[in-house]
4 protein chains.
Amino acid sequence: MRLDASTPLPTGTLSRMPVVNSESRRARSGNRRDEAARVAVLHAADDLLVEHGFGALTIEAIARRAGVAKQTIYRWWPSKVEILLDTLIEDSDKHVPVPTGEVTADGVRDYLRGFARFLTGDPAGKVLLTLIAQAQHDPGTAGSFHERYLGPRRDQERDLLARALDAGVIAPRLGLDEVVDALVGPIVYRALVGAAVPDALVDALVDDLLRPRPES
Amino acid sequence: MRLDASTPLPTGTLSRMPVVNSESRRARSGNRRDEAARVAVLHAADDLLVEHGFGALTIEAIARRAGVAKQTIYRWWPSKVEILLDTLIEDSDKHVPVPTGEVTADGVRDYLRGFARFLTGDPAGKVLLTLIAQAQHDPGTAGSFHERYLGPRRDQERDLLARALDAGVIAPRLGLDEVVDALVGPIVYRALVGAAVPDALVDALVDDLLRPRPES
Amino acid sequence: MRLDASTPLPTGTLSRMPVVNSESRRARSGNRRDEAARVAVLHAADDLLVEHGFGALTIEAIARRAGVAKQTIYRWWPSKVEILLDTLIEDSDKHVPVPTGEVTADGVRDYLRGFARFLTGDPAGKVLLTLIAQAQHDPGTAGSFHERYLGPRRDQERDLLARALDAGVIAPRLGLDEVVDALVGPIVYRALVGAAVPDALVDALVDDLLRPRPES
Amino acid sequence: MRLDASTPLPTGTLSRMPVVNSESRRARSGNRRDEAARVAVLHAADDLLVEHGFGALTIEAIARRAGVAKQTIYRWWPSKVEILLDTLIEDSDKHVPVPTGEVTADGVRDYLRGFARFLTGDPAGKVLLTLIAQAQHDPGTAGSFHERYLGPRRDQERDLLARALDAGVIAPRLGLDEVVDALVGPIVYRALVGAAVPDALVDALVDDLLRPRPES
DNA sequence: GTGTAATCGAGACGGTACGTCGAGTCTTCAG
DNA sequence: CTGAAGACTCGACGTACCGTCTCGATTACAC
């Protein structure tokens, strides 16, 4: 859930930085975007959400905690939701990457176990739940959440299952999209209602939905 | 989603009204709770949510729309979430009651189809999604939402499946709780991300998770 | 420059108070205007202007100092200028009332002396200078300043001179309006440029402009 | 009120320009002060003041309108008031110079008539009124306004009257300073309160205050 | 009957956060 | 060394709701 100042700028397109004087970090502000401010905002938002909940996640509180002016936030992010999206994208890619390349039955199962742990144990998982929630309240949030996170990730997950199917390591009786929902849905749902998602549950789902039947 | 003034008062304990003056609505205020005000508040909350989203659902807007003083709302409901809970409980019991008594395989399937339609098509379903969302933001909401809605309903659903199992009309390979999540989870999840939940999807889930295997 | 809580409400028309429980002052707020808040705002504005100048006279600072919410100020005053106008009107009527009734040559002279002292010595005089200044910057200010203060006062001054003329105690060679400007103008002008306005100067003006010529 | 690029630089000390490239205005910027930028700023300030009032006279608006960077303004002027002072000094010397040399009674009267017209009719007169106003709000403004404009001009006016007195063309009964205030004060005062200053009023003041009495 | 008590609409109050604007400082880059 | 560009911190703007309060009117029940 931590972001360091050396990660590239995820917001907007002007992502390249003039390498940022390796030492120093004393050349603050000027004509280019201040990377330190950007990271401070992401951290502050994260921390506030985890420590005090979404209700305490106001632009003013973020600015206060990040030691940054409100205007700096408004300049780069259209809403606090986009701040959370920025952190979520970095964190989920880092903590639960969708496996690429060769895939086994265990690979699928382990990914889902990891995803369940991310959702219920990792502070960054709380960001995902929060965004799902906020998407219910605000169509704008729903839009960019789908476009920037949910769509791409679902594509990767679908692709993972497609490769597993091709490799013959799974044998679902439902279509690919249905299988994605049948696996991810229960995990997310339990996380949303505050229930645990033990490995055994994930394993049972995987077993029931993906395992080739021994018959014939 | 409509509540009429003849429904009993779900909040507080003094629920019965003295028959409400047949001819009028001109004898305002007095010593007893004003049923018309109660209903007006529930309607106003509903309407605002459906028409303008959760962001527009403020106590002041509800009071304005209901033609009621803010204090009247604060007197009877601890938060706007409780208002939504009141409407949700009435509506979901009315629109998608969990079947009781004798249960068949089709009965289970039809209930889930109805629940999916409620979530994605009925305005009252939006209230449920909204409450799931708000429960992520606020522990208080989470508490009463579980206590007053989610817990009881899950118990009923679990009971439904237990009776179906006893009757031998379903043959799940997962435990009862897992089956509830495996069925309800995908439906809720798709509704949350704005996707449709066609009957075919519900049927496929039911078929894959509950149907006795023909093997041997 | 001090206003006590027993003065009537000058803003708006709803001026009558239910006598305000003589003792107590513990019945704060309700559904009538809070007199204590009104007075606190006037005092705070006054004090800030005198102590730190017009630049420090922000709505937020007034609210802070008065221990009042910003909204309370915006509810009752359209701008901070109107707050100053309220204090000015009360103070100038109290500190330099235009004499009424019988008038003598000395009466005119003393009024002008008092007015000069008010402008240059009294903190409330600074309010007047500030309003003249702000009227240059903002047409709205100019409007209400003329309507609520300058017009009425000029009428009174003109009337004073008219009565003096009728009584034969002055003999100006200019018209009444010209005389008002010729007397008041220099006083205000010197106050504006930060110069003193000694009695001798006032006397000289009065003598030169109003005294009957000894010549036959 | 217009300043052309050939006028000398009044601000700072490096006033001479390297003749300003005869053929162009295409060799922008370099290591000498850019005269075009200076003039553009003065014009922009003037125009904004006249067109939209003092409230619209912000550094950012001036920079925007002048097509100049904020820093360029901050580099050369300590405040926006000094920009106005620069334009005022040039304009008032050009539009209402205090007469020098031989002086007649008519010369004094005509000067005051011109001054009155400048204050009430000329856009540049608005700059003077604005500065008088702003001097009430800010001691810094008051300081440089007196030093750079008010003091010198009053000296010239006093000197004018002194020469007229020596020449025997006026016969005031008040001291020189009092006469200056008695003449200028009413004019400025009426301009400040938005009243007209007709020639007849000026003439009456001159007549009453300066004309030798026919007595005996 | 006549208090007494609880209701209701209305709306003022002290607060907090909103999203915007301008101030004045600083840094980069091009001439 | 200049000027244009523009990011930065800071603080005020005027608005919207929050949750609490006090009012005056209304109505039912207990005495």
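When reading the values below, keep in mind they use all heavy atoms of this one structure, side chains included, and skip hydrogens, waters and symmetry mates. Here is the naming used below: chain letters follow the sequence lines, and residue numbers restart at 1 for every chain.
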Practice task
Look at the side chain of B:Thr58 and decide which nucleotide, out of F:dA4, F:dC18, F:dC29, has an atom nearest to it.
Solution key: F:dC18

Practice task
Using a 4.5 Å cut-off on heavy atoms from C-beta on, say whether the side chain of C:Gln134 contacts that of D:His137.
Solution key: yes

Practice task
Looking at every strand, decide which applies to A:Thr72 at a 4.0 Å heavy-atom threshold: base, sugar-phosphate, or nothing.
Solution key: base

Handout entry: Any side-chain heavy-atom pair of B:Phe145 and B:Val81 under 4.5 Å
Key = no

Problem - Proximity to the side chain of A:Glu60 - top-ranked nucleotide from E:dC18, F:dC21, E:dC8 - result: E:dC18

Handout entry: Any B:Arg75 side-chain nitrogen or oxygen under 4.0 Å from OP1 or OP2 of E:dC8
Key = yes

Completion exercise
Here the distance between atom C1' of E:dG22 and atom CZ of D:Phe54, to the nearest Å, is 13 Å

Problem - Separation of E:dA17 C1' from A:Lys80 NZ (nearest whole Å) - result: 9 Å

Handout entry: Distance in angstrom units between B:Tyr74 OH and E:dG9 P, rounded
Key = 15 Å

Handout entry: Distance in angstrom units between C:Ile59 CD1 and F:dA12 C1', rounded
Key = 10 Å

Practice task
Could you tell me the separation between the CZ atom of B:Arg33 and the P atom of E:dG9, rounded to a whole number of Å?
Solution key: 11 Å

Problem - D:His43 side chain reached by D:Arg65 side chain, heavy atoms, under 4.5 Å - result: no

Exercise for the section: Report yes if a donor N or O on one partner sits less than 3.5 Å from an acceptor N or O on the other, where the partners are the side chain of C:Lys70 and the base of F:dG14; otherwise report no. Expected result: yes

Practice task
Choose from F:dC13, F:dT22, F:dA5 the nucleotide whose nearest atom is closest to any side-chain atom of A:Asn31.
Solution key: F:dA5

Problem - Euclidean distance, atom CH2 of residue A:Trp77 to atom P of E:dC18 [Å, nearest integer] - result: 15 Å

Problem - F:dC21 base / B:Gln71 side chain donor-acceptor hit below 3.5 Å - result: yes

Handout entry: Side-chain N or O of A:Trp76 closer than 4.0 Å to phosphate OP1/OP2 of F:dC8
Key = yes

Practice task
Cation-pi check, C:Arg33 to C:Trp77: give yes when NZ or CZ is under 6.0 Å from the six-membered ring centre and within 45° of the ring axis, no otherwise.
Solution key: yes

Fill in the blank from the handout: B:Glu35 atom CD is separated from E:dT7 atom C1', nearest whole Å, by 14 Å

Problem - Listed nucleotide nearest any side-chain atom of D:Ala69, set F:dC13, F:dA4, F:dC18 - result: F:dA4

Exercise for the section: Could you check how far CD1 of C:Ile62 sits from P of F:dA12, rounded to whole Å? Expected result: 12 Å

Practice task
Measure across B:Ala45 and B:Ile83 and return the closest heavy-atom pair with its distance rounded to 0.1 Å.
Solution key: CB-CG2, 3.6 Å

